[in-house]
Amino acid sequence: MAWRRVRCSPRSALRRDSPDGFDFRRNAISRLALGEAGWVRTVNFLLAGALLVAGAVGLRRVPGGGTGGARSPVLVGVFGASFWAAAAFPADAGAGFPAGSPEAAVTSGPGAVHMVAGTVGYLALRAAFVLLARPLAARGHRGRAVASRLVPAPVA
């Protein structure tokens, strides 16, 4: 029996499962909400937002959080709310996706809200990481504290 080598890397899986016209090098992942199965991405945004807000509530309940421990749950909640805003206000079509859309995206009101929500959400996430570093270090989690200070750099 002949066996065929199966490629199973995240890149090949994403390329294989992405809709026609979608290119991860040119399109933001939010644009998947515009495609044929866009409802799946919208539901992902809603669920991710709910899980992040629930995580923020859990972080808030940790006793003795200090300054970073008190503010970081609010910032994680803002990050979760940004996912809800992304679900409610879809990104603008552009860069050839969905199929037939122009290469240059024209920013609409909902598209602008989507972009602002994403920007605010990721800034809040970066700030939450930085603020969590001090309480982590105070509890003896030095490695996590260092990671909490380094992770915000590539998150953009």
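Quantities reported herein were computed from a predicted structural model and do not represent experimental measurements.
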Checking the side chain of Arg126 only, and the main-chain atoms of Pro152 only, is there a donor and an acceptor separated by less than 3.5 Å? yes
Given 3.5 Å as the limit, does a donor-acceptor pair link the side chain of His114 with the main chain of Phe89, or not?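 Yes.
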Minimal non-hydrogen separation, [X] against [Y], with atom names:
X	Y	answer
Arg31	Gly94	NH1-O, 3.4 Å
Val53	Ala81	CG2-N, 4.3 Å
Val74	Ala70	CG2-O, 4.2 Å
Ala48	Phe83	CB-CD2, 3.7 Å
Ala56	Pro73	CB-O, 3.2 Å

Does anything in residues 78-101 pair up under side chain to side chain donor-acceptor pair (under 3.5 Å), and if so which pairs, sequence neighbours excluded? Asp92-Ser108
Atom pair [atom1] ([X]) and [atom2] ([Y]), whose distance is rounded to the nearest 0.5 Å:
X	Y	atom1	atom2	answer
Arg60	Arg71	CZ	CZ	10.5 Å
Leu75	Leu131	CG	CG	6.0 Å
Leu32	Phe45	CG	CZ	8.5 Å
Leu46	Leu51	CG	CG	11.0 Å

With heavy-atom distances below 4.5 Å as the criterion, would you say the side chains of [X] and [Y] are in contact?
X	Y	value
Ser148	Val130	no
Val76	Leu59	yes
Phe129	Ser72	no

Listed once per pair and sorted, the salt bridge (charged side-chain N to carboxylate O under 4.0 Å, His left out) pairs that draw on [range], sequence neighbours left out:
range	answer
residues 38-53	none
residues 80-89	none
residues 100-109	Arg26-Glu103

Taking the hydrophobic residues Ile, Leu, Val, Met, Phe, Trp and Tyr, and joining any pair whose side-chain heavy atoms are under 4.5 Å apart, which ones share a cluster with Val40?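 Grouped by the 4.5 Å side-chain rule, Trp39, Val43, Leu47 form the rest of the cluster around Val40.
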Please work out which of the three classes, parallel, tilted or perpendicular, describes the rings of Tyr122 and Phe79, given edges at 30° and 60°.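 Geometry flag for Tyr122 against Phe79: perpendicular rings.
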Restricting to side-chain contact (heavy atoms from CB on, under 4.5 Å), what partner residues turn up for Val78, sequence neighbours left out?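 Partners of Val78 by the side-chain contact (heavy atoms from CB on, under 4.5 Å) criterion, ordered by chain and then number, come out as Val120, Ala124.
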